[in-house]
Amino acid sequence: LRRIKSEYKKLGPGFITGAADDDPSGIATYSITGAQFGYKLTFLAWITIPMMIAIQETCARIGMLTGTGLAGVIKKYYSRKILYLAVSLLFIANTINIGANLGVMAASIEMITGVNFIFWLIIVTIITILAEILIPYKIYFGILKFTSFFLMVYILTSFMVTPDWIVVLRNLITPYFSMSRDYFMTIVGFLGTSISPYLFFWQASEEVEDEISAGKIKDFAESKPFVSGRELKSMRRDTDVGMIFSQMISFFIVLTTASTLFAHGIYDIESPSQAALALKPLAGDFTYLLFTIGIVGIGLQSIPVLAGSSAYAVSEALGVKEGLSKKFSQAKIFYLTIATSTIIGLFINLLGINTIRALFYAAIINGVVAVPLIFLIMKLGSNEQVVGKNVSSTKTKFFGWMAFVLMFFAAVFMFLSMAGLI
(Lines give C-alpha, C1' and ligand atoms only; values in the text may rest on other atoms or scores of the structure.)
Protein backbone atom coordinates (compact mmCIF):
# COMPACT_ATOMS: atom_id res chain seq x y z
CA LEU A 1 0.00 0.00 0.00
CA ARG A 2 2.88 2.36 0.84
CA ARG A 3 4.46 1.62 -2.57
CA ILE A 4 1.18 2.43 -4.33
CA LYS A 5 0.91 5.74 -2.46
CA SER A 6 4.51 6.58 -3.35
CA GLU A 7 3.95 5.86 -7.05
CA TYR A 8 0.66 7.80 -7.02
CA LYS A 9 2.44 10.88 -5.64
CA LYS A 10 4.92 10.75 -8.52
CA LEU A 11 2.13 11.14 -11.08
CA GLY A 12 2.08 14.74 -12.29
CA PRO A 13 1.24 16.89 -15.31
CA GLY A 14 2.18 14.14 -17.77
CA PHE A 15 -0.31 11.67 -16.31
CA ILE A 16 -3.13 14.24 -16.08
CA THR A 17 -2.40 15.32 -19.67
CA GLY A 18 -2.56 11.72 -20.88
CA ALA A 19 -5.88 11.12 -19.11
CA ALA A 20 -7.35 14.40 -20.42
CA ASP A 21 -6.49 13.15 -23.90
CA ASP A 22 -9.32 10.60 -23.49
CA ASP A 23 -11.96 13.31 -23.07
CA PRO A 24 -15.55 12.77 -24.33
CA SER A 25 -14.28 13.81 -27.78
CA GLY A 26 -11.77 10.99 -27.61
CA ILE A 27 -14.35 8.52 -26.31
CA ALA A 28 -16.70 9.48 -29.16
CA THR A 29 -13.93 9.20 -31.76
CA TYR A 30 -12.75 5.82 -30.48
CA SER A 31 -16.37 4.61 -30.29
CA ILE A 32 -16.98 5.65 -33.90
CA THR A 33 -13.71 3.96 -34.91
CA GLY A 34 -14.80 0.67 -33.34
CA ALA A 35 -18.35 0.90 -34.69
CA GLN A 36 -17.29 1.69 -38.26
CA PHE A 37 -14.16 -0.44 -38.65
CA GLY A 38 -14.38 -3.10 -35.95
CA TYR A 39 -10.91 -4.20 -34.80
CA LYS A 40 -9.18 -3.04 -38.01
CA LEU A 41 -7.81 0.23 -36.59
CA THR A 42 -6.73 -1.04 -33.16
CA PHE A 43 -3.11 -0.84 -34.39
CA LEU A 44 -3.38 2.97 -34.13
CA ALA A 45 -3.50 2.73 -30.33
CA TRP A 46 0.08 1.52 -30.03
CA ILE A 47 1.80 3.18 -33.00
CA THR A 48 0.75 6.62 -31.69
CA ILE A 49 2.37 6.10 -28.26
CA PRO A 50 6.01 6.97 -29.18
CA MET A 51 4.83 9.98 -31.22
CA MET A 52 2.69 11.27 -28.34
CA ILE A 53 5.55 10.78 -25.88
CA ALA A 54 7.99 12.63 -28.17
CA ILE A 55 5.74 15.67 -28.60
CA GLN A 56 4.46 15.92 -25.02
CA GLU A 57 7.93 15.38 -23.57
CA THR A 58 9.22 18.19 -25.80
CA CYS A 59 6.41 20.51 -24.65
CA ALA A 60 7.07 19.64 -21.02
CA ARG A 61 10.81 20.21 -21.43
CA ILE A 62 10.20 23.61 -23.06
CA GLY A 63 8.00 24.65 -20.13
CA MET A 64 10.36 23.33 -17.44
CA LEU A 65 13.55 24.80 -18.87
CA THR A 66 12.18 28.22 -19.86
CA GLY A 67 9.75 28.82 -16.99
CA THR A 68 7.32 29.95 -19.70
CA GLY A 69 4.24 28.41 -21.32
CA LEU A 70 4.31 27.29 -24.93
CA ALA A 71 2.54 30.38 -26.32
CA GLY A 72 5.02 32.59 -24.45
CA VAL A 73 7.95 30.77 -26.04
CA ILE A 74 6.39 30.95 -29.53
CA LYS A 75 5.87 34.68 -28.91
CA LYS A 76 9.55 35.15 -28.10
CA TYR A 77 11.03 33.21 -31.02
CA TYR A 78 8.47 33.62 -33.82
CA SER A 79 6.47 36.45 -35.36
CA ARG A 80 3.29 37.77 -33.74
CA LYS A 81 1.30 36.66 -36.81
CA ILE A 82 2.29 33.03 -36.22
CA LEU A 83 1.50 33.37 -32.50
CA TYR A 84 -1.93 34.92 -32.99
CA LEU A 85 -2.83 32.38 -35.69
CA ALA A 86 -1.79 29.49 -33.43
CA VAL A 87 -3.67 30.86 -30.41
CA SER A 88 -6.78 31.67 -32.47
CA LEU A 89 -6.91 28.18 -33.97
CA LEU A 90 -6.37 26.67 -30.52
CA PHE A 91 -9.16 28.76 -28.95
CA ILE A 92 -11.63 27.87 -31.73
CA ALA A 93 -10.83 24.14 -31.66
CA ASN A 94 -10.92 24.04 -27.84
CA THR A 95 -14.23 25.92 -27.64
CA ILE A 96 -15.89 23.56 -30.12
CA ASN A 97 -14.45 20.66 -28.12
CA ILE A 98 -15.71 22.11 -24.83
CA GLY A 99 -19.19 22.62 -26.27
CA ALA A 100 -19.38 19.08 -27.59
CA ASN A 101 -17.99 17.65 -24.35
CA LEU A 102 -20.52 19.59 -22.24
CA GLY A 103 -23.30 18.32 -24.50
CA VAL A 104 -22.33 14.67 -24.33
CA MET A 105 -21.92 14.88 -20.53
CA ALA A 106 -25.33 16.50 -20.05
CA ALA A 107 -26.97 13.95 -22.39
CA SER A 108 -25.29 11.10 -20.51
CA ILE A 109 -26.49 12.34 -17.12
CA GLU A 110 -29.99 12.89 -18.54
CA MET A 111 -29.97 9.29 -19.76
CA ILE A 112 -29.20 7.99 -16.27
CA THR A 113 -31.40 10.37 -14.24
CA GLY A 114 -34.22 11.25 -16.65
CA VAL A 115 -33.80 14.92 -15.70
CA ASN A 116 -33.85 17.56 -18.49
CA PHE A 117 -30.74 17.97 -20.71
CA ILE A 118 -30.65 21.79 -20.44
CA PHE A 119 -30.70 21.60 -16.64
CA TRP A 120 -27.64 19.34 -16.56
CA LEU A 121 -25.91 21.38 -19.27
CA ILE A 122 -26.13 24.51 -17.09
CA ILE A 123 -25.12 22.63 -13.91
CA VAL A 124 -22.05 21.04 -15.51
CA THR A 125 -20.99 24.41 -17.00
CA ILE A 126 -21.30 26.21 -13.64
CA ILE A 127 -19.43 23.47 -11.74
CA THR A 128 -16.59 23.53 -14.27
CA ILE A 129 -16.11 27.31 -14.19
CA LEU A 130 -16.39 27.70 -10.42
CA ALA A 131 -14.04 24.78 -9.73
CA GLU A 132 -11.24 26.32 -11.80
CA ILE A 133 -11.72 29.78 -10.29
CA LEU A 134 -12.36 28.97 -6.62
CA ILE A 135 -10.44 25.79 -5.74
CA PRO A 136 -6.76 26.31 -4.75
CA TYR A 137 -4.27 24.94 -7.28
CA LYS A 138 -2.80 22.12 -5.16
CA ILE A 139 -6.26 20.78 -4.27
CA TYR A 140 -7.50 21.19 -7.84
CA PHE A 141 -4.45 19.36 -9.20
CA GLY A 142 -5.27 16.46 -6.86
CA ILE A 143 -8.88 16.40 -8.07
CA LEU A 144 -7.79 16.29 -11.71
CA LYS A 145 -5.42 13.41 -10.92
CA PHE A 146 -8.11 11.46 -9.06
CA THR A 147 -10.78 11.88 -11.77
CA SER A 148 -8.31 10.52 -14.34
CA PHE A 149 -8.98 7.06 -12.94
CA PHE A 150 -12.60 7.16 -14.13
CA LEU A 151 -11.13 5.95 -17.40
CA MET A 152 -10.41 2.55 -15.81
CA VAL A 153 -14.08 1.66 -16.36
CA TYR A 154 -13.32 1.17 -20.06
CA ILE A 155 -10.91 -1.64 -19.25
CA LEU A 156 -13.73 -3.35 -17.33
CA THR A 157 -16.27 -2.86 -20.13
CA SER A 158 -13.96 -4.34 -22.76
CA PHE A 159 -13.55 -7.60 -20.81
CA MET A 160 -17.29 -7.78 -20.13
CA VAL A 161 -18.11 -7.87 -23.87
CA THR A 162 -15.80 -10.86 -24.55
CA PRO A 163 -13.88 -9.77 -27.68
CA ASP A 164 -12.36 -12.24 -30.12
CA TRP A 165 -8.77 -11.93 -28.88
CA ILE A 166 -7.25 -13.84 -31.81
CA VAL A 167 -8.76 -11.38 -34.29
CA VAL A 168 -7.79 -8.46 -32.02
CA LEU A 169 -4.15 -9.60 -31.90
CA ARG A 170 -4.05 -10.06 -35.68
CA ASN A 171 -5.31 -6.51 -36.25
CA LEU A 172 -2.96 -5.07 -33.65
CA ILE A 173 0.07 -6.19 -35.63
CA THR A 174 -1.41 -5.73 -39.14
CA PRO A 175 -2.03 -2.11 -40.18
CA TYR A 176 -5.19 -1.61 -42.23
CA PHE A 177 -5.36 0.77 -45.21
CA SER A 178 -8.25 2.04 -47.34
CA MET A 179 -8.76 4.89 -49.83
CA SER A 180 -12.26 5.76 -48.57
CA ARG A 181 -13.26 9.17 -47.21
CA ASP A 182 -14.52 7.64 -43.95
CA TYR A 183 -11.16 5.95 -43.45
CA PHE A 184 -9.15 9.17 -43.81
CA MET A 185 -11.60 11.15 -41.65
CA THR A 186 -11.34 8.50 -38.94
CA ILE A 187 -7.54 8.43 -39.13
CA VAL A 188 -7.32 12.24 -38.83
CA GLY A 189 -9.87 12.19 -36.00
CA PHE A 190 -8.03 9.41 -34.16
CA LEU A 191 -4.67 11.16 -34.52
CA GLY A 192 -6.22 14.54 -33.68
CA THR A 193 -7.77 13.31 -30.47
CA SER A 194 -4.58 11.45 -29.49
CA ILE A 195 -2.09 14.20 -30.42
CA SER A 196 -4.20 17.26 -29.55
CA PRO A 197 -3.06 20.91 -29.57
CA TYR A 198 -4.62 21.69 -26.19
CA LEU A 199 -2.40 19.05 -24.58
CA PHE A 200 0.73 20.80 -25.94
CA PHE A 201 -0.11 24.09 -24.22
CA TRP A 202 -1.53 22.50 -21.07
CA GLN A 203 1.47 20.32 -20.17
CA ALA A 204 4.05 23.02 -20.85
CA SER A 205 2.16 25.44 -18.57
CA GLU A 206 1.52 22.85 -15.85
CA GLU A 207 5.25 22.12 -15.62
CA VAL A 208 5.72 25.85 -14.94
CA GLU A 209 2.87 25.79 -12.39
CA ASP A 210 4.67 22.97 -10.59
CA GLU A 211 7.87 25.02 -10.46
CA ILE A 212 5.98 28.01 -9.04
CA SER A 213 4.27 25.76 -6.49
CA ALA A 214 7.66 24.33 -5.47
CA GLY A 215 9.09 27.85 -5.03
CA LYS A 216 11.68 27.44 -7.81
CA ILE A 217 10.38 30.52 -9.64
CA LYS A 218 7.94 33.26 -8.68
CA ASP A 219 5.90 33.55 -11.84
CA PHE A 220 5.60 32.68 -15.53
CA ALA A 221 8.33 34.10 -17.78
CA GLU A 222 10.18 35.84 -14.94
CA SER A 223 13.29 33.66 -14.93
CA LYS A 224 14.73 30.40 -16.21
CA PRO A 225 14.70 27.85 -13.38
CA PHE A 226 17.51 25.40 -12.68
CA VAL A 227 16.33 21.93 -13.71
CA SER A 228 18.34 18.90 -12.61
CA GLY A 229 18.83 15.76 -14.65
CA ARG A 230 16.79 13.90 -12.03
CA GLU A 231 13.85 16.26 -12.52
CA LEU A 232 13.99 15.82 -16.29
CA LYS A 233 14.09 12.05 -15.84
CA SER A 234 11.06 12.21 -13.52
CA MET A 235 9.18 14.34 -16.07
CA ARG A 236 9.94 11.86 -18.85
CA ARG A 237 8.72 8.97 -16.71
CA ASP A 238 5.53 10.84 -15.82
CA THR A 239 4.91 11.64 -19.49
CA ASP A 240 5.60 8.04 -20.55
CA VAL A 241 3.08 6.73 -17.99
CA GLY A 242 0.46 9.31 -19.04
CA MET A 243 0.70 8.63 -22.77
CA ILE A 244 0.77 4.84 -22.38
CA PHE A 245 -2.25 5.05 -20.04
CA SER A 246 -4.06 7.28 -22.56
CA GLN A 247 -3.62 4.93 -25.51
CA MET A 248 -4.31 1.83 -23.44
CA ILE A 249 -7.74 3.31 -22.68
CA SER A 250 -8.32 4.23 -26.33
CA PHE A 251 -7.56 0.63 -27.31
CA PHE A 252 -10.14 -0.74 -24.84
CA ILE A 253 -12.82 1.72 -25.98
CA VAL A 254 -12.35 0.66 -29.63
CA LEU A 255 -12.42 -2.95 -28.43
CA THR A 256 -15.72 -2.46 -26.58
CA THR A 257 -17.61 -0.85 -29.47
CA ALA A 258 -16.08 -3.17 -32.07
CA SER A 259 -17.14 -6.23 -30.06
CA THR A 260 -20.70 -4.95 -29.63
CA LEU A 261 -21.85 -2.28 -32.09
CA PHE A 262 -19.81 -3.34 -35.15
CA ALA A 263 -20.39 -7.04 -34.44
CA HIS A 264 -24.16 -6.45 -34.47
CA GLY A 265 -24.25 -4.23 -37.56
CA ILE A 266 -24.51 -0.87 -35.75
CA TYR A 267 -22.02 1.19 -37.75
CA ASP A 268 -23.35 4.74 -37.34
CA ILE A 269 -23.62 6.40 -33.92
CA GLU A 270 -25.98 9.35 -34.10
CA SER A 271 -26.10 10.37 -30.41
CA PRO A 272 -24.29 9.71 -27.13
CA SER A 273 -27.47 8.03 -25.88
CA GLN A 274 -27.41 5.61 -28.80
CA ALA A 275 -23.75 4.71 -28.22
CA ALA A 276 -24.34 3.79 -24.58
CA LEU A 277 -27.88 2.41 -24.97
CA ALA A 278 -26.75 0.12 -27.79
CA LEU A 279 -24.51 -1.59 -25.24
CA LYS A 280 -27.47 -2.30 -22.95
CA PRO A 281 -29.03 -5.23 -24.83
CA LEU A 282 -25.66 -6.35 -26.21
CA ALA A 283 -23.52 -6.24 -23.07
CA GLY A 284 -25.91 -5.69 -20.14
CA ASP A 285 -27.03 -2.86 -17.86
CA PHE A 286 -23.79 -2.73 -15.89
CA THR A 287 -21.61 -2.27 -18.99
CA TYR A 288 -23.94 0.46 -20.29
CA LEU A 289 -23.82 2.24 -16.91
CA LEU A 290 -20.02 2.03 -16.65
CA PHE A 291 -19.60 3.36 -20.18
CA THR A 292 -21.83 6.33 -19.35
CA ILE A 293 -20.19 7.07 -15.99
CA GLY A 294 -16.81 7.08 -17.72
CA ILE A 295 -17.97 9.82 -20.10
CA VAL A 296 -19.21 12.03 -17.25
CA GLY A 297 -16.22 11.42 -14.96
CA ILE A 298 -13.51 12.16 -17.51
CA GLY A 299 -15.51 15.11 -18.85
CA LEU A 300 -15.21 16.76 -15.44
CA GLN A 301 -11.44 16.35 -15.76
CA SER A 302 -10.89 17.21 -19.42
CA ILE A 303 -13.09 20.30 -19.88
CA PRO A 304 -10.99 22.28 -17.35
CA VAL A 305 -7.86 21.17 -19.24
CA LEU A 306 -9.34 22.39 -22.53
CA ALA A 307 -10.45 25.75 -21.09
CA GLY A 308 -7.22 26.09 -19.11
CA SER A 309 -4.98 25.52 -22.13
CA SER A 310 -6.87 28.26 -24.02
CA ALA A 311 -6.49 30.61 -21.06
CA TYR A 312 -2.73 30.00 -20.79
CA ALA A 313 -2.26 30.63 -24.52
CA VAL A 314 -4.42 33.78 -24.64
CA SER A 315 -2.80 35.24 -21.50
CA GLU A 316 0.71 34.67 -22.84
CA ALA A 317 -0.20 36.13 -26.23
CA LEU A 318 -1.55 39.27 -24.52
CA GLY A 319 1.28 39.42 -21.98
CA VAL A 320 -0.99 39.35 -18.88
CA LYS A 321 -0.84 37.40 -15.62
CA GLU A 322 -1.84 33.74 -15.81
CA GLY A 323 -2.09 30.59 -13.76
CA LEU A 324 -4.43 28.39 -11.76
CA SER A 325 -2.22 29.07 -8.74
CA LYS A 326 -3.40 32.70 -8.79
CA LYS A 327 -6.64 34.14 -7.45
CA PHE A 328 -9.21 35.64 -9.81
CA SER A 329 -8.21 39.19 -8.86
CA GLN A 330 -4.58 38.44 -9.84
CA ALA A 331 -5.32 36.94 -13.28
CA LYS A 332 -8.68 38.26 -14.44
CA ILE A 333 -8.16 37.78 -18.20
CA PHE A 334 -6.89 34.25 -17.60
CA TYR A 335 -10.02 33.24 -15.69
CA LEU A 336 -12.36 35.22 -17.93
CA THR A 337 -10.97 33.27 -20.91
CA ILE A 338 -11.82 30.04 -19.09
CA ALA A 339 -15.35 31.28 -18.37
CA THR A 340 -15.87 32.67 -21.89
CA SER A 341 -14.80 29.52 -23.75
CA THR A 342 -16.92 27.34 -21.44
CA ILE A 343 -20.01 29.55 -21.77
CA ILE A 344 -19.65 29.70 -25.57
CA GLY A 345 -19.43 25.91 -25.43
CA LEU A 346 -22.74 25.86 -23.56
CA PHE A 347 -24.45 27.95 -26.27
CA ILE A 348 -23.09 25.69 -29.03
CA ASN A 349 -25.38 23.01 -27.61
CA LEU A 350 -28.43 25.23 -28.04
CA LEU A 351 -27.92 25.23 -31.83
CA GLY A 352 -29.20 21.67 -32.05
CA ILE A 353 -25.92 20.19 -33.31
CA ASN A 354 -25.51 16.41 -33.09
CA THR A 355 -23.16 16.20 -30.11
CA ILE A 356 -21.34 12.98 -30.90
CA ARG A 357 -20.72 14.12 -34.49
CA ALA A 358 -19.54 17.48 -33.15
CA LEU A 359 -17.07 15.62 -30.94
CA PHE A 360 -15.82 13.66 -33.92
CA TYR A 361 -15.43 16.76 -36.10
CA ALA A 362 -13.70 18.55 -33.21
CA ALA A 363 -11.16 15.73 -33.21
CA ILE A 364 -10.67 16.20 -36.96
CA ILE A 365 -10.14 19.96 -36.45
CA ASN A 366 -7.54 19.13 -33.80
CA GLY A 367 -5.85 16.76 -36.25
CA VAL A 368 -5.45 19.58 -38.78
CA VAL A 369 -4.49 22.33 -36.28
CA ALA A 370 -1.88 20.07 -34.66
CA VAL A 371 0.25 19.86 -37.83
CA PRO A 372 1.73 23.41 -37.86
CA LEU A 373 2.01 23.40 -34.06
CA ILE A 374 4.05 20.18 -34.09
CA PHE A 375 6.40 21.83 -36.59
CA LEU A 376 6.96 24.78 -34.21
CA ILE A 377 7.35 22.52 -31.16
CA MET A 378 9.94 20.29 -32.78
CA LYS A 379 11.92 23.33 -33.95
CA LEU A 380 11.81 24.88 -30.46
CA GLY A 381 12.83 21.61 -28.80
CA SER A 382 15.97 21.46 -30.95
CA ASN A 383 16.95 25.10 -30.41
CA GLU A 384 19.76 25.63 -27.86
CA GLN A 385 18.64 29.23 -27.39
CA VAL A 386 15.38 27.87 -25.99
CA VAL A 387 16.32 24.73 -24.04
CA GLY A 388 20.09 25.10 -23.68
CA LYS A 389 22.01 21.83 -23.86
CA ASN A 390 18.84 19.80 -23.24
CA VAL A 391 17.84 19.66 -26.89
CA SER A 392 15.64 16.84 -28.20
CA SER A 393 17.29 13.44 -28.47
CA THR A 394 17.60 11.69 -31.82
CA LYS A 395 14.75 9.34 -30.84
CA THR A 396 12.49 12.24 -29.82
CA LYS A 397 13.21 14.06 -33.09
CA PHE A 398 12.50 10.91 -35.11
CA PHE A 399 9.09 10.21 -33.56
CA GLY A 400 8.14 13.89 -33.34
CA TRP A 401 8.78 14.49 -37.02
CA MET A 402 7.12 11.16 -37.84
CA ALA A 403 3.97 12.51 -36.17
CA PHE A 404 4.23 15.69 -38.25
CA VAL A 405 4.59 13.79 -41.54
CA LEU A 406 1.87 11.25 -40.72
CA MET A 407 -0.67 13.86 -39.62
CA PHE A 408 0.18 16.16 -42.54
CA PHE A 409 -0.42 13.49 -45.17
CA ALA A 410 -3.48 12.12 -43.36
CA ALA A 411 -5.02 15.62 -43.48
CA VAL A 412 -4.07 16.09 -47.15
CA PHE A 413 -5.59 12.74 -48.16
CA MET A 414 -8.71 13.51 -46.11
CA PHE A 415 -9.26 16.81 -47.95
CA LEU A 416 -8.57 15.16 -51.32
CA SER A 417 -11.06 12.38 -50.57
CA MET A 418 -13.68 14.91 -49.42
CA ALA A 419 -13.20 16.78 -52.71
CA GLY A 420 -13.66 13.52 -54.63
CA LEU A 421 -10.14 13.68 -56.09
CA ILE A 422 -9.16 10.20 -54.82
Side-chain angles (χ1 to χ4, degrees), residues 14 17-18 20-23 25-26 28-30 33 44-45 47-63 69-71 73-74 78 82-98 100-101 184-205 239 242-243 246-247 250 302 305-306 308-310 312-313 358-382 392 396-415 418:
T17 301
D21 194 30
D22 293 319
D23 66 335
S25 172
T29 303
Y30 303 140
T33 300
L44 289 172
I47 69 164
T48 51
I49 291 174
M51 292 185 282
M52 290 172 67
I53 289 173
I55 294 163
Q56 290 303 138
E57 185 268 328
T58 303
C59 293
R61 197 154 33 85
I62 289 169
L70 187 57
V73 177
I74 293 173
Y78 291 96
I82 292 175
L83 171 70
Y84 293 145
L85 178 62
V87 172
S88 297
L89 290 173
L90 177 77
F91 184 86
I92 292 167
N94 282 4
T95 302
I96 293 171
N97 226 340
I98 289 168
N101 284 352
F184 288 117
M185 288 182 70
T186 303
I187 292 290
V188 172
F190 196 108
L191 293 172
T193 201
S194 299
I195 305 173
S196 296
Y198 72 92
L199 302 176
F200 309 162
F201 290 85
W202 171 263
Q203 188 167 355
S205 293
T239 303
M243 300 309 116
S246 171
Q247 292 313 91
S250 73
S302 58
V305 173
L306 280 157
S309 66
S310 290
Y312 283 118
L359 286 167
F360 184 54
Y361 290 128
I364 292 174
I365 291 170
N366 279 329
V368 176
V369 173
V371 175
L373 286 174
I374 291 171
F375 179 86
L376 295 179
I377 288 164
M378 295 312 298
K379 295 289 284 184
L380 289 168
S382 299
S392 298
T396 297
K397 289 177 183 177
F398 175 78
F399 285 112
W401 286 114
M402 179 187 286
F404 172 78
V405 171
L406 181 61
M407 295 181 77
F408 174 80
F409 281 106
V412 168
F413 278 106
M414 180 189 72
F415 287 126
M418 290 172 72

Open item on the list: Quick check: do Ile55 and Ile374 have side-chain heavy atoms less than 4.5 Å from each other?
Closed with: yes

- [ ] May I have the step-by-step check of side-chain contact (heavy atoms from CB on, under 4.5 Å) for Phe404 and Met378, ending in yes or no?
- [x] CA-CA 9 Å; Phe404 172 78; Met378 295 312 298; 5.8 Å; no

Open item on the list: The test is side-chain contact (heavy atoms from CB on, under 4.5 Å); show your working for Leu199 and Met52 and say whether it passes.
Closed with: CA-CA 10 Å; Leu199 302 176; Met52 290 172 67; 5.6 Å; no

TODO: Could you tell me whether the side chain of Phe375 reaches within less than 4.5 Å of the side chain of Trp401, counting heavy atoms only?
DONE: yes

TODO: Working to the nearest 0.5 Å, report the span between CD1 of Ile62 and CG of Leu380.
DONE: 5.0 Å

Open item on the list: For Lys379, is there any backbone N or O sitting under 3.5 Å from a side-chain donor or acceptor partner on Ser382?
Closed with: no

Task: Tyr198 side chain vs Ala20 backbone, donor-acceptor pair below 3.5 Å - done: yes

Task: Rounded distance [0.5 Å steps], CZ in Phe413 versus CZ in Phe408 - done: 10.0 Å

- [ ] Write down the atom of Ser310, the atom of Asn94, and the distance for their closest heavy-atom approach.
- [x] OG-ND2, 2.9 Å

Task: Close side-chain approach of Tyr78 to Leu83, heavy-atom, < 4.5 Å - done: no

Task: Distance-only donor-acceptor check, side chains Arg61 and Ser392, under 3.5 Å - done: yes

Open item on the list: Do Leu70 and Trp202 have side chains that approach each other closer than 4.5 Å (heavy atoms only, starting at C-beta)?
Closed with: no

TODO: In sequence, state the C-alpha distance, the side-chain angles, and the governing distance for Tyr30 and Thr193, and then conclude on side-chain contact (heavy atoms from CB on, under 4.5 Å).
DONE: CA-CA 9 Å; Tyr30 303 140; Thr193 201; 3.4 Å; yes

Open item on the list: Nearest 0.5 Å, please: how far is CD1 in Ile49 from CD1 in Ile53?
Closed with: 6.5 Å

Open item on the list: Using side-chain contact (heavy atoms from CB on, under 4.5 Å), reason through Gln56 and Ile195 one step at a time and then give a plain yes or no.
Closed with: CA-CA 9 Å; Gln56 290 303 138; Ile195 305 173; 5.9 Å; no

- [ ] Please check if any side-chain donor atom of Ser302 sits under 3.5 Å from a side-chain acceptor atom of Asp23, or the reverse.
- [x] no

Task: Heavy-atom pair of closest approach, residues Ala54 and Gly400 - done: CB-N, 3.7 Å

Open item on the list: Could you measure the distance from the CE atom of Met402 to the OG1 atom of Thr48? Nearest 0.5 Å is fine.
Closed with: 12.0 Å

Task: Residue pair Ala410 / Ile187: nearest heavy atoms and the distance that separates them - done: CB-CG2, 4.0 Å

- [ ] Look only at the side chain of Ser250 and the backbone of Gln247, and say whether a donor-acceptor pair between them is shorter than 3.5 Å.
- [x] yes

- [ ] Search all heavy atoms of Gln203 against all heavy atoms of Ala60 and return the closest pair with its distance.
- [x] NE2-CB, 3.5 Å

Task: Ring centers of Phe201, Tyr312 separated by less than 6.0 Å - done: no

TODO: Locate the shortest heavy-atom distance separating Pro197 from Val369; write the atom from each residue and the value.
DONE: CG-CG1, 3.9 Å

TODO: Check Met407 against Leu191 and note the closest heavy-atom contact, atom names and distance.
DONE: CE-O, 3.8 Å

Task: Distance, nearest 0.5 Å, that separates CE of Met51 from CZ of Phe398 - done: 10.0 Å

Task: Side-chain (Ser246) to main-chain (Gly18) donor-acceptor, under 3.5 angstrom - done: yes

Task: Within 6.0 Å of CZ in Phe409, more than 12 heavy atoms from elsewhere - done: no

